[in-house]
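Below: the structure, in structure tokens.
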Amino acid sequence: MRLIRPQYKTLSDEDLMIAIGKGDQRAFDEIYHRYSGPLLGYFIRMLWKDREKAEDFVHDIFSKIVRKPELFDPTRKFKTWVFSVANNMCKNEYKKQEVRKNTSNGLDQHYAVGDSNTDVFSEVHEGFFRAEFEECLAALDEKHSESFKLRHIEGLSIKEIAEVLEISEGTVKSRLFYATKYLAESLKEFNPVINR
Amino acid sequence: MERDVMDLIKDKEFIELTSAERSEVNDLCANEEEFNQMKAMLASIGGLNWSNPTPRPETKERLDHLFQQTYPKAAPVWYNGALAVVVPKDKPIYRQPLIQLAAVGLLFLMIYPIVNNSNEQNTQLAMVEKKEAAVKEKSVQNGQKANTKDDLNEISTSESSAATMESGNSSEAVLSPTESLVSASAASVSAGVAYALPTTLAGATASTIPGSDHPDGIFREDLAEVFSVPASREPEVFDLLTTSF
């Protein structure tokens, strides 16, 4: 049957999306296999490490793909399209949380509360650097942190980030510049770790 | 892939930077110390393991269920698989195997009569030749038989006139009309005209085919064929001959 059926693993994301539009479940399985992990990781990083919420968001984004595959424009790259959808979902969630925060006691339950300096010098190792880095990233302005995450964690190019965020490449560079400068300043205590 | 300031910092040492690159980097890190700090930070971030977690199986099961609801499968009829192979919906019509097979079949049907027609003509011609040869042979044989009959009839009809003639001239008078008749019948044979023979003569003719060494009878050697008729079967002719001698 391999001679007749398409090789799903070799098909591009865009071709798989066309097949999904025709009701091809194997194409859907393949696209899920390719993007469920990265999207879950992205949602976890963007949604305050809330795994449950990230799982729900993964379900929601793939539900959109199943129900309305025609929303995807085949002339675009699927990767940038799906990340832009994910990014918009996160923005909507931020807005929801903003409303909740205004109506709650004012404590942001997602961000870790505490003095980061207490742990900075207690143990110098990669795990701690990661924790500190993620904390600094979370403290960054949303528009800067999302650019930085897409560039250095998700591995998107500046052009792809510009497509995902629907901004110019110059703006992406500017945001990355600001985020990098901020992180470098925030993490300069980690020189011993960094320089090892 | 485009090269930005981050790539410069990651890939190059401070001392390797050109003046243009150094001015580009200058906004981000003013001196070598800051440059190295930035470089180390980016390297550390790049070195972090950002492996993505795997979604729970329940998420996939729910999505599969949703997919089956959204795209209900066609009834599992036995020909469904074969139909999907010969008429794939995702291919243009000229690339569908069923259409291609039909086109080949049509082409064969169009070419076959042309090829087959020329063969048939050849065989028909051969058959006609054979038939013509057979007809010719038959007609020659029939012609010979008819000659014999005509000769004998002529002989019998000339019986009365021969009786009145003299003995010397009578034999000539008998033979001369038969000659003309034989020649006429030979001409009729060549024309393909067949004459029926009486059964009695046919039997006699059959037994007196050329080469027969029958002791008595009428022998005609002036023609290509030599034949004889037993005198016992034609006593009148025999009596005529004996009287003439």
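Just so it is clear, the model here is predicted, and its values are computed rather than measured. Below, read A as the first sequence line, B as the second, and so on, with proteins coming before strands; counting in each chain starts at 1.
Taking the side chain as every heavy atom from C-beta outward, B/L63 and A/S63 approach each other to under 4.5 Å. Residues B/Q37 and A/L187 are not in side-chain contact: their nearest non-hydrogen atoms beyond the backbone lie 4.5 Å or more apart. In this structure the side chain of B/P53 reaches within 4.5 angstrom of the side chain of A/R51, judged on heavy atoms. A heavy-atom distance below 4.5 Å is found between the side chains of A/F28 and B/D64.
Contacts of A/I18 with chain B are absent, with no heavy-atom separation under 4.5 Å from either backbone or side chain. When heavy atoms are compared at a cutoff of 4.5 Å, A/F148 approaches chain B solely by way of its side chain, counted from C-beta outward. Heavy atoms closer than 4.5 Å to chain B are found in both the backbone and the side chain of A/I20. Using a 4.5 Å cut-off between heavy atoms, B/T59 contacts chain A through both its backbone and its side chain. A/Y32 touches chain B through its side chain: at least one heavy atom from C-beta onward sits under 4.5 Å away, while N, CA, C and O do not.
Within 6.0 Å of CG on B/L106 lie more than 12 heavy atoms contributed by other residues, nucleotides or ligands. The local environment of CD1 in B/I93 is sparse, with at most 12 non-hydrogen atoms from other residues, nucleotides or ligands closer than 6.0 Å. Within a 6.0 Å sphere centred on NZ of B/K10, heavy atoms belonging to other residues, nucleotides or ligands number more than 12. By the neighbour-count criterion of 12 heavy atoms within 6.0 Å, atom NZ of A/K143 is sparsely surrounded, having that number or fewer from other residues, nucleotides or ligands. With a 6.0 Å radius and a threshold of 12 heavy atoms from other residues, nucleotides or ligands, A/Y178 has its OH atom at or below the threshold.
Salt bridge present: A/R151 and B/D7 bring a charged side-chain N and a carboxylate O closer than 4.0 Å.
Residues B/Y71 and A/P69 share a closest heavy-atom pair of OH-CG, 3.3 Å. Heavy-atom minimum distance, A/E55 versus B/P55: OE2-CA, 3.6 Å.
Here CD1 of B/I9 is found 7.5 Å from OG1 of A/T180. Values are rounded to the nearest 0.5 Å. Distance CG/A/L183 to CG/B/L42: 9.0 Å, rounded to 0.5 Å. Expressed to the nearest 0.5 Å, how far NE2 of A/H59 lies from CZ of B/R56 amounts to 11.5 Å.
Highest contact tally toward chain B, considering only A/Q25, A/K181, A/H152, A/K22, is held by A/Q25 [criterion: heavy-atom pairs under 4.5 Å].
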